[in-house]
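Step one of this worksheet: look at the structure below.
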Amino acid sequence: MSRYTAADIEQKWQAAWEQAGVFTAKRDETKPKYYVLEMFPYPSGRIHMGHVRNYTMGDVVARFKMSTGHNVLHPMGWDAFGMPAENAAMASGGHPKDWTYKNIADMRGQMKPLGLSIDWSREFATCDPEYYGQQQALFIDMLDKGLVYRKNAVVNWDPVDMTVLANEQVIDGKGWRSGADVERRELTQWFFKISDMAGDLLDSIDNLDDWPAKVKLMQANWIGKSRGLQFSFERTDAGDAIEVYTTRPDTLMGASFVGISPDHPIAKELEANNPETAAFVADCRKGGTTEEALEKAEKKGLDTGIKVKHPLDPSKELSVWIANFILMDYGTGAIFGCPAHDQRDFDFATKYGLDITPIFVADGAEEETLTEAYTPLKSEKVRYIRGFAGQELQTGEDGVNSAIDKAEAEGWGTGVTKFRLRDWGLSRQRYWGCPIPVVHCEDCGVVPEKKENLPVQLPDDVTFDVPGNPLDRHPTWRDCACPSCGKPARRETDTMDTFVDSSWYYARFTSPRADTPTVQADADYWMNVDQYIGGIEHAILHLLYSRFFARAMNVTGHLPDSAREPFNALFTQGMVTHAIYQTTNPENGRPIYHYPEAIELRDGKAFVIATGEEAQIIPSAKMSKSKNNVVDPLNIISSFGADTARWFVLSDSPPERDVEWTAAGAEATAKHLARVFRICADIAEMDDASTESDLELLKATHKAIFDVTQGFESFGFNAAIAKLYAFTNLLQKSSAGGKAKKEAARILAQLMSPMTPHLSEELWSLLGGEGLVTTAAWPVVDEAMLVEDTVTLPIQINGKRRAEISVPADMSKEEVEKLVLENEAVVKALDGGQPKKLIVVPGRIVNVVV
RNA sequence: GCCGGUGUGGCGGAAUGGUAGACGCAGGGGAUUCAAAAUCCCCCGACCCUAGGUCGUAAGAGUUCGAGUCUCUUCACCGGCACCA
């Protein structure tokens, strides 16, 4: 009898699939199409277990759909622009392009042994000029439709390296290389007008039926629709009125100050003329641009000396403060502070000794001195003691609406709907990205490059020995002729955010070699992505930008109306984690991290093999190079085979949760697959007799088909695998005859095939299956085989299980009740009395309340 | 700080509001073997007075005949926060 040798089997069947061309997607109007897409990887150079898990999930879906008669598109590409390539060039010389393409070649080589059902003929990298040239064409079309514009925006500025930093390059407010205090500085940058579509992007979330609720909620909160009141505070001096926006106009009588952003025009004017203000504003600009940094920074303010009149009580004057927590990007960049009902305002007022006047109190409570802001839910009814509109007792929501209505009726304010979502700044002052295809001409202004001149290609002769953007100091590339008037002009040296690259790659896969961004017939046929799979970390930005881009591509004629919402179903998978083995260096107290290969596990404890020292086990940590806890998929494939890696990453945890990679688990998987092989090989040699156990096995087989199919349809891969273990155990122990067992074993091979395609092909051919299991039709459940004659009903007494009875499945409620009341445990519990209540859930449970 | 999520045996986890711990790992016992590996069989939440019972799904409360599942509060951890991808 032959043995299970993964290496031979896997090569053999991969070659067979390639020869048959089973994964090459072609338009076929006679079949329903199915487009499976996993988020494409950044070419770091090594695949990791997270990739294996992500692509295996997609592969299971793709192979399953192929078996159920679908024409499947399952492509792969590379999200190839981005900072790591430039960092590598800075650290060790070389060119980002060479580094990237070498990494792609390496990773492709590591992925192919996994036996994924990918149509490699559609592969592309976003740094291919053929791809980013089409992206430039899209940009020009979007510019033409008014979806792109320029405005000022703040960036992280490193004053020593004289360069813009990414958020991750700002560590504790300092530049990662120079260590200098980072400042926020304004630059003119390119923006996509995503805010134009905020309402549509929000409303359409309701139609995303097959997206996780949590992702939809996160997106809705991110877009952040709010209704509020916009109005002005008149100044007591001659200056322009200050326009504010508030979502709590009902608290206007509690206003104790007006706050403006350090970037507000009034603040800028004062900055220019007043050294004290200039110093304060400069202080406010310290630190990075992230919302987290702004929120966590100490709240600071400066009284400008400007006074404004309260709109409802002109005798009341409020001071205008510059406050570091007010964002110029949101609303009007100015607010009024109501410390009684906003914790941030409360802290600010306490710090600077400003009034704290409550507007409402809890229903039934009396006014008292506040020790913190009172902020009930807007849906809660409160009693207004200083309201100016609506009922005394009303919800905050009604209070807000009444206030807006009154302000509009009296003509001093307007109800306004605003979104938290800001326009998408796409400019990056970096080399390794898609060049923004415009030219700056002294006479013509900003002029898009002519489409026939695309792609505007990145120059190869650049160096990274000085900080900053090499495009900026590359005269022969930068200097060009104006596409409009032909006079000498300068190219835009900013490149695009890499999120742009990943916002339309799904559409490009439908016609990856076309000399237009998409081709209508292909886009019409293949779009939308039926199942998109990727990490939860992309829940907001990538997915929102992609949804925006699909709409923009529709507006510019590159996608049909039906593809405005590009991903029909979304699944977000968890990370692959691995224990960290840590000891401490006795000399300096610093941790030392040990590779899993350097560790021996005994009785749940870890020991360093070389020294025998016991190491601390930190479980379930994200795999990270610096912690030496990365498991290389190639090692797993070479020791156990791809099928083991594929099965294991799906077997132990629900796919949306993190999975812990353990060597023991991988070995156990390899053993199990070898066992399946052995069982099936034995069965293949049986003769075709039949026994009285055949029917029992047949029933179990159909139950397995039912359970596993359901598992695949609902992303319950771990549950499907548990059922396959159980079915394998049953098949092994069954005393059914050879014919029945061969049939059951073939179905076992088929049910396993999306996860372990190579092993399944081998078993399929061994057991006399026709053709490839990959292209065989999925087995169909015979419902009649699922019907059970009798069911076991647990009997609860007062909610606790005390006994059980076995009854025919179709027994009536009344008969069950009668049987239950005769049950020994029930009789004993009733002690001659009557049950207070008797609950019979047919087929499930009985509860007797005594 | 704000938004979202997760928390169940020694471990990974299962469980349409209906028998908590399926399935797997680790562990224990046995069979086979000259011996081992491999394989096969059985046991395996905690506690107790072991007949049987009590407790038990991060902690605390609530809704319900019945809560791991629903609601509220708290704690811990994870993801995102617009220039990491």
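A note on names: the letters A, B, ... follow the listed sequences, proteins ahead of strands, and every chain is numbered from 1.
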Among all residues two or more places apart in sequence or in another chain, which pass the ring pair (Phe, Tyr, Trp, His ring centres under 6.0 Å) test with [X]?
X: A/Tyr55; answer: A/His51
X: A/His672; answer: A/Trp647, A/Tyr725
X: A/Phe346; answer: none
X: A/Phe325; answer: A/Phe348

Rounding to the closest angstrom, what is the interatomic distance between B/G24 and B/U39 at atom P?
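Pairwise P distance, B/G24 against B/U39, rounds to 14 Å.
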When you compare B/C41 with B/A46, how far apart are their C1' atoms, in angstrom units rounded to a whole number?
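Between the two C1' atoms, the distance is 27 Å.
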How would you label the contact of [X] with the nucleic acid (heavy atoms, under 4.0 Å): base, sugar-phosphate, or nothing?
X: A/Lys671; result: sugar-phosphate
X: A/Asn221; result: sugar-phosphate
X: A/Trp222; result: base
X: A/Lys299; result: nothing
X: A/Pro41; result: nothing
X: A/His538; result: base
X: A/Val849; result: sugar-phosphate
X: A/Gly82; result: sugar-phosphate
X: A/Val215; result: nothing
X: A/Gly535; result: nothing
X: A/Leu421; result: base
X: A/Asn729; result: sugar-phosphate
X: A/Gln219; result: nothing
X: A/Gln429; result: base

Ion pair check, A/Glu656 and A/Lys214, cut-off under 4.0 Å
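Not counted as a salt bridge, because no side-chain N and carboxylate O are separated by less than 4.0 Å.
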Carboxylate-amine/guanidinium contact A/Asp497 A/Arg428, below 4.0 Å:
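A/Arg428 and A/Asp497: salt-bridged.
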I want to verify a distance call: between [options], whose nearest atom is closest to the [X] side chain?
X: A/Lys214; options: B/G5, B/A82, B/G18; answer: B/G5
X: A/Gln796; options: B/A20, B/G4, B/A85; answer: B/A20
X: A/Ala722; options: B/C23, B/G13, B/C40; answer: B/C23
X: A/Arg678; options: B/G18, B/G79, B/C40; answer: B/C40
X: A/Glu291; options: B/G18, B/C81, B/G5; answer: B/C81
X: A/Arg675; options: B/A82, B/G4, B/C40; answer: B/C40
X: A/Met83; options: B/C84, B/G79, B/G18; answer: B/C84

Going by side-chain contact (heavy atoms from CB on, under 4.5 Å), name the residues that satisfy it together with [X], two or more places apart in sequence or in a different chain.
X: A/Thr498; value: A/Phe81, A/Asp501
X: A/Asp347; value: A/Gln343
X: A/Leu541; value: A/Trp222, A/Phe499, A/Tyr545

Identify, residue by residue, the members of residues 710-720 of chain A with a heavy atom below 4.0 Å from RNA chain B, and return them in order of residue number, or none.
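Those residues are A/Asn718.
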I'd like to check the side-chain hydrogen bond (donor to acceptor under 3.5 Å, both in side chains) partners of A/Thr709; sequence neighbours left out, ordered by chain and number.
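For A/Thr709 the side-chain hydrogen bond (donor to acceptor under 3.5 Å, both in side chains) partners, ignoring immediate neighbours, are A/Trp778.
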Protein-to-nucleotide contact annotation, 5' to 3' order, nucleotides 49-55 of chain B [B base; S sugar-phosphate only; - none; under 4.0 Å, heavy atom]
-----SS
Counting only pairs under 3.5 Å, give me each side-chain donor-acceptor contact of residues 163-175 of chain A, with atom names and distances, residues two or more places apart or in other chains.
residue	atom	partner	partner atom	Å
A/Asn167	OD1	A/Asn156	ND2	2.9
A/Asn167	OD1	A/Thr289	OG1	3.2
A/Gln169	OE1	A/Ala166	N	2.7
A/Lys174	NZ	A/Asp181	OD1	2.7

Is B/G52 in the syn range, within 90° of 0, or in the anti range?
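In terms of base orientation relative to the sugar, B/G52 is anti.
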Nearest nucleotide by nearest heavy atom, which residue falls closer to the 5' end of RNA chain B, A/Tyr725 or A/Arg422?
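Closest to the 5' end, via its nearest nucleotide, is A/Tyr725.
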Between A/Asp161 and A/Ser178, do the side chains contain an N or O donor and an N or O acceptor separated by less than 3.5 Å?
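On atom types as modelled, these side chains do not qualify, holding no pair under 3.5 Å.
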Without decimals, in angstroms, what is the distance between A/Lys296 NZ and B/C3 P?
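Going from NZ in A/Lys296 over to P in B/C3 covers 14 Å.
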Taking the six-membered ring for Trp and the single ring otherwise, decide whether the centroids of A/Tyr505 and A/Trp78 are under 6.0 Å apart.
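For A/Tyr505 and A/Trp78, the ring centres are not under 6.0 Å apart.
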Stem ranges for RNA chain B, with three or more consecutive Watson-Crick or G-U pairs under 3.5 Å?
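The stems that RNA chain B takes part in, listed by first number, are B:1-7 with B:75-81, B:10-12 with B:23-25, B:27-31 with B:39-43, B:45-48 with B:52-55, B:58-62 with B:70-74.
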